Amino acid sequence: MPPSNIDIPGQRITDPAEIVIRRHRRDKRQPIVYDQRTRCYRLPTTAFEPRLPENRPNATRHDKYLSVNIASSLRTSGLPSDWGCDHAHFLAGKVSVEAVQAANLTVTWEPIESGDPTNPHHGAINGVVELYYRDQDEYVTVLSSLARASTVLPECLPEN
Amino acid sequence: MNAIVTSAGSSEYRMWPASVRTFISAMPQCLQDDSVPGISLGQTAPRRWQNIAKFREAFNLGLDCAGAMVSDDALDPPDPKIWNYALDAVRNFAGYVPTPLVTPLQLGGVSVEWHAYGIDLEIWFRSGAPPFVLIDDVRDAFPTFQGRDSHLSHAYTALKHLADRSG
């Protein structure tokens, strides 16, 4: 089920109120970052690093974009925001499309229709890999801005 | 010093290059000297040792996380030169500051960060360029900084403030 007003894979999501969900691998013994300005738990900056093709000439899995899930698509299908997130090994955090756009990046709907597993709710934050090769300092700054705009889903916090 | 056992028994650890395993094994020696030139905090020795143990554990947790991600083909293997450099750069503060969050970066790098006592400090260590540092002090006692910090002078200033506040 695509997000509202979106029906073509690759189509840009422009609604600033739309939310995307990013997963982050962690060891459960590691602390969760508490943002002292927003007073919320958030994802660390490293959660927004793509798998870069550099140094991985033989790797088959490097990223063209940052993978996310589209919150409205999950909601329309009756799925929770943390769908597909194994809490034992992952954190999931939400970021608004507005925050992504503020970082001069774009969000598109990129459903995974073949392979195992499929994911019709899959989306992409585009421009991060290109930014790394254009300006590595700006790259870190942009990843930091995404991290600071993120909020860890309540379902992922220890008390849940 | 206690021996590090966290990663040594895992399957990921056995698959890693010998250079990475040597680095992990060398960590206790790296952290034996916990003096910080220029600051005297008057902390009791047991507290410093406790902080150092937690500091060492933070690096091991970072390596454990890296091992799992490498197994999933989600990460490049940690580069022991970079991790060693990172550890060496901040080890003198181990006894005096809260436990950092240590997370692996792509291309073998590592991020060491603190989010406590009003200070957000992230140091990104990667090969081929000076560390990138992000500093934000909620209390505005010193300026925000984002950029390359060749001699880590900005990072050390933030760490000294962090040590003062947590002392």
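Only this structure's heavy atoms are used, side chains among them; waters, hydrogens and symmetry mates stay out. Everything numeric here is computed off the predicted structure, so don't read it as measured data. All chains are named by letter (A, B, ...) in the order of the sequence lines, taking the proteins before the strands, and each is independently numbered beginning at 1.
Of the residues considered (B:G147, B:A116, B:A129), B:A116 shows the highest number of contacts with chain A, using heavy-atom pairs under 4.5 Å. Taking A:A47, A:P50, A:P44 one by one and counting their heavy-atom pairs under 4.5 Å with chain B, the maximum is reached by A:P50. Taking A:R25, A:R26, A:Q136 one by one and counting their heavy-atom pairs under 4.5 Å with chain B, the maximum is reached by A:R25.
Of residues 96-103 of chain A, no residue lies under 4.5 Å from chain B by any heavy-atom pair.
Contacts between A:L143 and chain B at a heavy-atom distance below 4.5 Å involve the side chain alone, from C-beta outward. For B:L105, the parts lying under 4.5 angstrom from a heavy atom of chain A are both the backbone and the side chain.
A donor-acceptor pair under 3.5 Å is formed between the side chain of A:Q36 and the backbone N or O of B:I119.
Summarising the geometry, atom CG belonging to B:L107 is positioned 7.0 Å from atom CD belonging to A:E49; distances are rounded to the nearest 0.5 Å. With rounding to the nearest 0.5 Å, the separation of OG1 in A:T46 from CG in B:L75 is 10.0 Å. For the atom pair NZ of A:K28 and SG of B:C65, the computed distance is 14.0 Å after rounding to the nearest 0.5 Å.
For A:R12, the salt bridge (charged side-chain N to carboxylate O under 4.0 Å, His left out) criterion is met by no residue, not counting sequence neighbours.
Pairing each heavy atom of B:V102 with each of A:Q30, the nearest pair is O-NE2, 2.9 Å.
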Dump the intermediate steps for side-chain hydrogen bond (donor to acceptor under 3.5 Å, both in side chains) on B:E122 and A:S144, then the final yes or no.
-> CA-CA 10 Å; B:E122 299 184 32; A:S144 172; 4.9 Å; no
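Under 4.0 Å is where a charged nitrogen must lie from a carboxylate oxygen, and between A:R37 and B:D120 no such pair does.
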